[in-house]
Amino acid sequence: MSSYAAVEWTEQRDLRLVERQDIAPANGEITIAVESAGICGSDLHFFRGDFSPRPGTTPGHEFAGRIVALGPDVSGHREGDLVGVEPLLRCGMCEFCLTGDYHVCQQRRLVGEGQHGGMSQRANVPAHIAYKVPASVDAEGAALAEPLACSVHGFRKIGLQGHETVFVVGAGTIGLTAILAARAVGASVIVLARHQHQQAAAKRLGATEVIGEDANSKQRITDLVAANAIDVAVETVGGKAETLWEAQRVLRPKGKLLVLGVFTGGPVPINALHLAVKEIEMVGSMTYNAKDGHVDYEIALEVVSGFLAEIKSLVSHRFALTSANDAFRTAVDKSTQSLKVHFNPNSI
């Protein structure tokens, strides 16, 4: 029996390299040789100690690779296919799953948390969560479809229109990929970004305007508010930041506030009177689904295909599995100017 390398969480919230024996894919599963896997902001929550990881579990839910084995009763896939993984595990039988809202299934789990993920040379996943990648897209681009799908879902949920202007608060991975999701429907995008390397990335990805935190930027925001220029505001920072109000206050009357950031510090400030007086619609959004016959993840793969050079420019650092802790430290420390940190698992 052959073996492969993977990383897994320890009791100390760091990562260790392990060797595992190959396991044949079970009924309805495929085995993927992982070619690219990204570190997500949620992975960093575990690394920092905001949440407790499951020791012994291999993280990684943003990944893509080639199918090397098919389990029994798998159809629609072939060995050698390059696939991206939509990493939501679900029961498939509840009212939410049956209507395509599997992202709110009460038994929902995430690959990389509920089972071993993609920071590994091999990964076994259910065949139905793997999607063939467009011919023009490589594994690194495909691995970026997962965070992009979060914005695709949010914008579909609020019905973003091509004539509208979007104001994105934050320029981490979700904020930056939101630029492409908005551009894909023809919308204009203004980005509020703190760090200079994030500002440069937002410009590369096609933001109409990028705003910082200096006095001129604050005045520009005041002018945008006065002109009722912002139709949709997107909060992408989350954590413990007070950025929800920052997003809310820029909106025109009857504008829409989309919450994509994952908040970990409990309640955060909003202005309820402002919401009521301006009749602002605030919408929460989490991951992605397949509502009305449209799969958000598949749409994201098509967006990647249309903006491949732009989205791949987000990958600022690449590591082998042997340097897993260095990779996480690089991702968590913005002084490294990291944007997206990826593993190339088979380069070990």
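Values in this document were obtained by computation on a predicted structure and should not be read as measured data.
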Quiz item: Do I39 and L176 belong to the same hydrophobic cluster, where Ile, Leu, Val, Met, Phe, Trp and Tyr are linked whenever their side-chain heavy atoms lie under 4.5 Å apart, directly or via other members?
Solution: no
Quiz item: Same cluster for V237 and M282 if Ile/Leu/Val/Met/Phe/Trp/Tyr side chains link at under 4.5 Å?
Solution: yes
Self-check item: Non-hydrogen side-chain atoms of D138 and E35 separated by less than 4.5 Å
Solution: no
Practice problem: To the nearest 0.5 Å, tell me how far H342 NE2 sits from L314 CG. | Solution: 8.5 Å
Quiz prompt | Pair R204 + E310, salt bridge at N-O below 4.0 Å | solution = no
Exercise. Quick one: sort the H103 and H153 rings into parallel, tilted or perpendicular, breaks at 30° and 60°.
Key: perpendicular
Quiz item: Looking at L148 and I311, what are the two nearest heavy atoms and their distance?
Solution: CD2-CD1, 4.2 Å
Exercise. Dump the intermediate steps for side chain to side chain donor-acceptor pair (under 3.5 Å) on T165 and S188, then the final yes or no.
Key: CA-CA 5 Å; T165 297; S188 299; 4.7 Å; no
Quiz item: Can any side-chain N or O of N346 pair as donor or acceptor with the backbone N or O of A33 at less than 3.5 Å?
Solution: no
Exercise. Nearest 0.5 Å please: distance from the CG atom of L192 over to the CZ atom of F167.
Key: 4.5 Å
Exercise. Please report the shortest heavy-atom distance between V7 and A324, naming the atom on each side.
Key: CG1-CB, 3.8 Å
Quiz prompt | Main-chain N/O of G114 paired to R109 side chain as donor or acceptor, under 3.5 Å | solution = yes
Practice problem: Under the side-chain contact (heavy atoms from CB on, under 4.5 Å) rule, what do R108 and M286 come out as? Steps first, then yes or no, please. | Solution: CA-CA 12 Å; R108 183 196 69 180; M286 179 57 64; 3.9 Å; yes
Self-check item: Joint cluster assignment, F307 & V185, ILVMFWY side-chain distance < 4.5 Å
Solution: yes
Quiz item: Is a side-chain donor-acceptor pair under 3.5 Å present for R20 with T58?
Solution: yes
Self-check item: E213 bridged to K218 by N-O distance under 4.0 Å
Solution: no
Quiz item: Is D296 close to R156 at the side-chain level, that is, under 4.5 Å between some pair of heavy atoms?
Solution: yes
Quiz item: Has K132 got more than 12 heavy atoms of other residues, nucleotides or ligands less than 6.0 Å from its NZ?
Solution: no
Practice problem: Kindly indicate whether the side chain of T10, heavy atoms from C-beta on, has any atom under 4.5 Å from the side chain of L15. | Solution: no
Quiz item: Do H61 and E113 have a side chain donor and acceptor closer than 3.5 Å?
Solution: no
Exercise. Say whether, by atom type as modelled, one donor and one acceptor occur between the side chain of R183 and the main chain of L205 under 3.5 angstrom.
Key: yes
Quiz item: Is the charged tip of R90 near the ring of Y102: under 6.0 Å from the six-membered ring centre and within 45° of its axis?
Solution: yes
Practice problem: Verify the cluster assignment for V74 and L89: are they in a single hydrophobic cluster under the rule of side-chain heavy atoms below 4.5 Å apart? | Solution: yes
Quiz prompt | E11 atom CD: more than 12 heavy-atom contacts under 6.0 Å | solution = no
Exercise. May I ask you to decide whether R220 forms a salt bridge with E209, counting only side-chain N to carboxylate O separations under 4.0 Å?
Key: yes
Quiz item: Under 4.5 Å between any side-chain heavy atoms of I129 and L88, yes or no?
Solution: no
Self-check item: Sidechain-backbone polar pair: D292 side chain, H294 backbone, donor-acceptor under 3.5 Å
Solution: no
Quiz item: If you take all heavy atoms of N228 and P253, which pair is closest and at what distance?
Solution: OD1-CD, 3.3 Å
Quiz item: Ignoring hydrogens and geometry, is there a side-chain-to-backbone donor-acceptor pair from Q161 to G159 under 3.5 Å?
Solution: yes
Practice problem: Please check if the side chain of E86 supplies one atom and the backbone of G84 the other of a donor-acceptor pair under 3.5 Å. | Solution: no
Quiz prompt | Under 3.5 Å donor-acceptor, K240 side chain and F263 backbone | solution = no
Quiz prompt | Closest heavy-atom pair and its distance - A5, L321 | solution = O-CD1, 3.8 Å
Practice problem: Of all the heavy-atom pairs spanning G117 and S120, show the shortest one and how long it is. | Solution: O-CB, 3.8 Å
Quiz item: When rounded to the nearest 0.5 angstrom, what distance separates CD1 in I230 from CG in L251?
Solution: 7.5 Å
Self-check item: Ion pair R16/E8, N-O distance below 4.0 Å
Solution: yes
Quiz item: Ignoring hydrogens and geometry, is there a side-chain-to-backbone donor-acceptor pair from S217 to G212 under 3.5 Å?
Solution: yes
Practice problem: Rounded to the nearest 0.5 Å, what's the gap from CG on L44 to CZ on F51? Could you check? | Solution: 11.5 Å
Exercise. Tell me, with the steps shown, if E29 and V125 meet side-chain contact (heavy atoms from CB on, under 4.5 Å).
Key: CA-CA 5 Å; E29 287 188 340; V125 300; over 6 Å; no
Practice problem: Mind checking the CD-OG spacing from Q337 to S316? Nearest 0.5 Å is all I need. | Solution: 9.0 Å
Quiz item: Less than 6.0 Å separating the ring centroids of F328 and W9?
Solution: yes
Quiz item: Do the charged groups of K254 and E281 touch, with an N to O distance under 4.0 Å?
Solution: no
Quiz item: Does V166 belong to the same Ile/Leu/Val/Met/Phe/Trp/Tyr cluster as I190, with side-chain heavy atoms less than 4.5 Å apart forming each link?
Solution: no
Practice problem: For atom CD of Q107, decide whether the heavy atoms of other residues, nucleotides or ligands shown that lie under 6.0 angstrom number more than 12. | Solution: no
Exercise. Given side chain to side chain donor-acceptor pair (under 3.5 Å), test S338 with H317 step by step and report yes or no.
Key: CA-CA 7 Å; S338 62; H317 297 76; 5.2 Å; no
Quiz item: What heavy-atom pair brings P72 and P25 nearest, and what distance separates the two atoms?
Solution: CD-O, 3.9 Å
Exercise. Could you walk me through whether K340 and E140 pass side-chain contact (heavy atoms from CB on, under 4.5 Å), step by step?
Key: CA-CA 11 Å; K340 197 66 182 170; E140 189 167 84; over 6 Å; no
Quiz item: When you measure from the side chain of H195 to the backbone N and O of K334, does any donor-acceptor pair fall under 3.5 Å?
Solution: no
Quiz item: Would you say the side chains of D101 and N289 form a donor-acceptor pair under 3.5 Å?
Solution: yes
Quiz item: Side chains of N124 and T31: is there a donor and an acceptor less than 3.5 Å apart?
Solution: yes
Exercise. Please check if atom CD in E279 has more than 12 non-hydrogen atoms from other residues, nucleotides or ligands closer than 6.0 Å.
Key: no
Quiz item: Are any side-chain N or O atoms of Q198 and backbone N or O atoms of A171, one a donor and one an acceptor, separated by less than 3.5 Å?
Solution: yes
Quiz item: Does any donor atom in the side chain of S3 or E19 lie under 3.5 Å from an acceptor atom in the other side chain?
Solution: yes
Quiz prompt | Polar side chain donor-acceptor pair, E235 to T243, under 3.5 angstrom | solution = yes
Quiz item: Do T330 and T336 meet the criterion of a side-chain donor-acceptor pair at a distance under 3.5 Å?
Solution: no
Quiz item: What's the spacing between L275 CG and I280 CD1 if we round to 0.5 Å?
Solution: 5.5 Å
Quiz item: Going through the distances and angles, do D326 and F319 end up as a side-chain contact (heavy atoms from CB on, under 4.5 Å)?
Solution: CA-CA 8 Å; D326 289 338; F319 288 85; 4.1 Å; yes
Quiz item: If you measure only the distance, is there a donor-acceptor pair under 3.5 Å linking the side chains of Y288 and E146?
Solution: yes
Quiz item: Does the pair D81/R66 count as a salt bridge with the N-to-O cut at 4.0 Å?
Solution: no
Quiz prompt | Note: D231-R252 ion pair, threshold 4.0 Å (strictly below) | solution = yes
Quiz item: Is any side-chain heavy atom of V268 less than 4.5 Å from a side-chain heavy atom of W245?
Solution: no
